[in-house]
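Numbered from 1 within each chain, the chains take letters A, B, ... in sequence-line order.
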Amino acid sequence: MKILYFAWLRTKIGAGSEEVTPPAEIEDVGGLIDWLKGRGGGYAEALDDLSLVRVAVNQEHVGLDHPVKAGDEVALFPPVTGG
Amino acid sequence: MKILYFAWLRTKIGAGSEEVTPPAEIEDVGGLIDWLKGRGGGYAEALDDLSLVRVAVNQEHVGLDHPVKAGDEVALFPPVTGG
Amino acid sequence: MIRVQEEDFDVGAEIAALVRGNHEIGGVVTFVGLVREVTGGAPIAAITLEHYPGMTERGLAKIEAEAHQRWPLSASLIVHRCGRLEPGERIVLVITASAHRRAAFEACEFLVDWLKTKAPFWKLEETGEGGRWVEARHADAAAAERWTKG
Amino acid sequence: MIRVQEEDFDVGAEIAALVRGNHEIGGVVTFVGLVREVTGGAPIAAITLEHYPGMTERGLAKIEAEAHQRWPLSASLIVHRCGRLEPGERIVLVITASAHRRAAFEACEFLVDWLKTKAPFWKLEETGEGGRWVEARHADAAAAERWTKG
């Protein structure tokens, strides 16, 4: 599974993208985020307030209950600010 | 006095401009137009329906009662059609 | 700024010249009018725009000044072509620049509505059947009326 | 048509390419957005626009398609720049072309309102005090709301 980070999520986490293999019991976006937060450091800081975080799975906006699976492209980013 | 004609007034009268010296008793636009109509031909035809004729004296829109005098630039033209 | 000319204009160069060095401008709205081939009746081969040099420029400058009174514009430009123009050719350019895009949009549309109805031009349309002087259009006049103060 | 690119664009060339050969088009409305030096706080030295390649283009194409559904447009173009831009630089281009100028104006403003608030970009402002990620603006969101169907 590929995860992309944008804007201040990218700078706090310190990476624009990474390949991850979450444990099998991670089935949705919410579970994935909890698992990432568990890494602490920049992850915990960036994902502390989920009201500031938007999620896309395979380039479609989704909610925290949206399923995720191996091979998905998951993107985490702040609300867009326009052009 | 210089008179300018535009659009179909120009084509009916057959001239874009001319220098005229109307008689002294011509004191306003209406009088000038009547004097021009008196020439007959294209003048009479072009100036037959004054609801289709607009007038400017010295590049300001005016009515038929506006005074005219030697040295004025008088323009006769149809309502503008925009760009 | 106002220009009436036979020559074509370069839209990109005009915009660049108008906003150069002004870093308060956030939005530039541009209208380019093109000669249409069909405006109701038979296809036209060309139009010829006649105008009253001097008076035309004064009319354009006056409406431009009114736009600056009504909206907070940083800069504006009206270029209107005259003479013979064929379908597809550029006929008019209006540029409005402002810190605020809404002002630029409204002022540009205001100027274009005025130009389309009240700009001091007379239009001759050439079709296969010869030339015909266009009469003032009521629909366009209604568009310009939108901007009349109540 | 949609493009997201780092390079600048040539407004005149884009308009000419978009309308070429279409003699039904009467009006072309163009919006050029420039980077402003002052947007509220301290003067900015530059902004950097980050985006999500692929998803951004899909978002722009979707709103462009909506504009074509709502207005009778002959052609349209959105070019949005990304990367680092300094005050005075062009940042976005929107062109709408229609037989009818009112449709071109409305569709252009609709697209610009959307882009300014909902385009999938994140903006980093550089000032003398360093870089700061801009938060979504409420005034702009209200402008975009104007276009929501009741």
Side-chain angles (χ1 to χ4, degrees), chain C residues 8-16 18-40 43-45 74 86-102 104-113 115-116 139-140 142-143 146, chain D residues 8-16 18-40 43-45 74 86-102 104-113 115-116 139-140 142-143 146:
Chain C
D8 194 10
F9 45 78
D10 178 332
V11 182
E14 297 291 357
I15 294 174
L18 196 66
V19 305
R20 187 163 293 141
N22 186 334
H23 293 173
E24 289 177 2
I25 295 171
V28 184
V29 175
T30 303
F31 179 85
V32 178
L34 303 176
V35 178
R36 292 173 61 192
E37 192 156 34
V38 179
T39 60
I44 61 166
S74 303
E86 297 186 356
E89 283 200 80
R90 284 176 280 271
I91 179 171
V92 62
L93 171 68
V94 178
I95 308 176
T96 53
S98 176
H100 305 287
R101 66 182 184 275
R102 175 88 52 237
F105 269 111
E106 288 186 1
C108 189
E109 197 168 5
F110 164 80
L111 289 171
V112 173
D113 279 347
L115 287 167
K116 286 284 176 183
D140 273 334
R146 285 204 309 147
Chain D
D8 195 10
F9 44 79
D10 178 331
V11 182
E14 298 291 356
I15 294 174
L18 196 65
V19 306
R20 187 163 292 140
N22 186 334
H23 293 174
E24 291 178 1
I25 294 171
V28 184
V29 175
T30 302
F31 179 85
V32 178
L34 303 176
V35 179
R36 292 173 62 192
E37 194 157 33
V38 178
T39 60
I44 61 165
S74 304
E86 297 185 357
E89 282 200 79
R90 286 177 279 270
I91 180 171
V92 62
L93 172 68
V94 178
I95 308 177
T96 53
S98 176
H100 306 287
R101 65 182 185 275
R102 175 90 51 238
F105 269 112
E106 288 186 1
C108 189
E109 195 167 4
F110 164 79
L111 289 170
V112 173
D113 279 348
L115 287 167
K116 287 284 178 183
D140 272 334
R146 284 203 310 149

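- Contact count against chain D (heavy-atom pairs under 4.5 Å) is highest for C/Val112 among C/Val11, C/Ile91, C/Val112.
- Across all their heavy atoms, C/Ala16 and D/Arg90 have their closest contact at CB-NH1, 4.5 Å.
- For the side chain to side chain donor-acceptor pair (under 3.5 Å) test, no residue two or more places apart in sequence or in another chain qualifies with C/Glu37.
- Contacts of D/Glu24 classified as side chain to side chain donor-acceptor pair (under 3.5 Å), with partners at least two apart in sequence or in another chain: none.
- The NE2 atom of C/His100 sits 5.5 Å away from the CZ atom of D/Arg36 when rounded to the nearest 0.5 Å.
- Looking at C/Val19, only its side chain comes within 4.5 Å of chain D, counting heavy atoms on both sides.
- Note that the CG atom of D/Leu93 and the CD1 atom of C/Ile15 stand 8.5 Å from one another [nearest 0.5 Å].
- Rounding to the nearest 0.5 angstrom, the gap separating the CZ atom in D/Arg101 from the CD atom in C/Glu109 is 8.0 Å.
- Contacts between residues 26-34 of chain C and chain D, defined by a heavy-atom separation under 4.5 Å, are made by C/Gly26, C/Gly27, C/Val28, C/Val29, C/Thr30, C/Phe31, C/Val32, C/Gly33, C/Leu34.
- With sequence neighbours excluded, the residues satisfying side chain to side chain donor-acceptor pair (under 3.5 Å) with D/Glu106 are D/Trp71.
- Ranked by heavy-atom pairs shorter than 4.5 Å toward chain D, the options C/Gly12, C/Ala99, C/Ala104 are led by C/Ala99.
- Contacts between D/Ile25 and chain C at a heavy-atom distance below 4.5 Å involve backbone atoms as well as side-chain atoms.
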